[in-house]
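Accompanying notes for the structure given below.
Quick caveat, the model's predicted, so the values are computed rather than measured. One-based numbering, in listed order, for ligands and for the atoms of each.
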Amino acid sequence: MANEKTFSIIKPNATLDNNIGNIISIFEKNDLRVSAAKFAQLSKEKAEGFYIEHKDRPFFGELVDFMTSGPVLLMVLEGDNAVTKNRELMGATNPAEAAEGTIRKLYAKSIGENAVHGSDSAQSAEREISYFFEKNEIVDRF
Ligand code: CMP
């Protein structure tokens with residue numbers, strides 16, 4: 001599998017619990033490299049635009065409120081098979097279903113406060129990366 005980039009967010013519950021380093025450590029131990037990073041407080045508009053595909057879901061308001069409730073770390077991760085690898089490392093969306101050792105099993109509190117977001121496909125990664133980063137803010141690591 002070729003080298004690729006994916007998009008990751010360390011969500012407010014994990015930044016507030018001081019688990020940024022623990023989560024990046026899991027990425028790095030599994031050969032994903034940080035190609036870009038921004039620590040940010042999302043506005044309501046920015047969070048709504050990011051999650052626009054969920055706008056008709058009953059949890060949309062709760063999701064936007066949570067994602068704007070504290071700081072987030074926005075990242076581009078790069079590595080072999082990065083989209084799939086990141087999803088494996090994150091574990092299931094609902095931490096109750098996440099496998100042992102996954103980021104969500106370790107650091108999520110609930111399906112909403114689930115510690116991390118990761119792109120679900122190469123196409124989503126492209127959209128999500130360009131939603132937060134300019135090309136000149138991303139550094140190739142391989
Ligand atoms: P994420 O990978 O960021 O993509 C969409 C998010 O919606 C998801 O992680 C969850 O945090 C959130 N989500 C999904 N289902 C629910 C739900 N039933 N209640 C609250 N939040 C949810």
Per-atom filter on ligand 1: closer than 4.0 angstrom to a heavy atom of Arg104 are 2 (O)
One finds that the ligand 1 atoms under 4.0 Å from a non-hydrogen atom of Glu62 are 20 (C)
If every non-hydrogen atom of Met75 is compared with every non-hydrogen atom of Phe27, which pair is closest and at what distance?
-> CE-CE1, 3.9 Å
Between Ala47 and Leu42, what is the shortest heavy-atom contact and its length?
-> CB-CD1, 4.3 Å
Which ligand 1 atoms, with their elements, are less than 4.0 angstrom from a heavy-atom of His54?
-> 5 (C)
Among Phe50, Tyr51, Phe59, closest by heavy atom to atom 18 (N) of ligand 1 is Phe59
Charged N to carboxylate O below 4.0 Å: is that the case for Lys5 and Asp140?
-> yes
Looking only at protein heavy atoms, identify the closest one to atom 6 (C) of ligand 1 and say how far it is in Å.
-> Leu63 CD1, 3.8 Å
Strictly by modelled atom types, are Asn30 and Lys85 linked by a side-chain donor-acceptor pair under 3.5 Å?
-> no
Give yes if a backbone or side-chain nitrogen or oxygen of Thr93 is under 3.5 Å from a nitrogen or oxygen of ligand 1, and no if not.
-> no
Which atoms of ligand 1 have any heavy atom of Lys11 under 4.0 Å away?
-> 1 (P), 3 (O), 9 (O), 11 (O)
Protein residue, atom and distance nearest to atom 2 (O) of ligand 1, heavy-atom basis | His117 ND1, 3.1 Å
What residue among Glu78, Arg141, Arg33 forms side chain to side chain donor-acceptor pair (under 3.5 Å) with Asn3?
-> Glu78
Does a salt bridge link Arg104 with Glu97, judged by any charged N lying under 4.0 Å from a carboxylate O?
-> no
Output yes when the distance from some N or O of ligand 1 to some N or O of Ile111 is under 3.5 Å, and no in every other case.
-> yes
Quick one: closest heavy-atom pair of Gln41 and Thr68, and the distance?
-> NE2-O, 2.8 Å
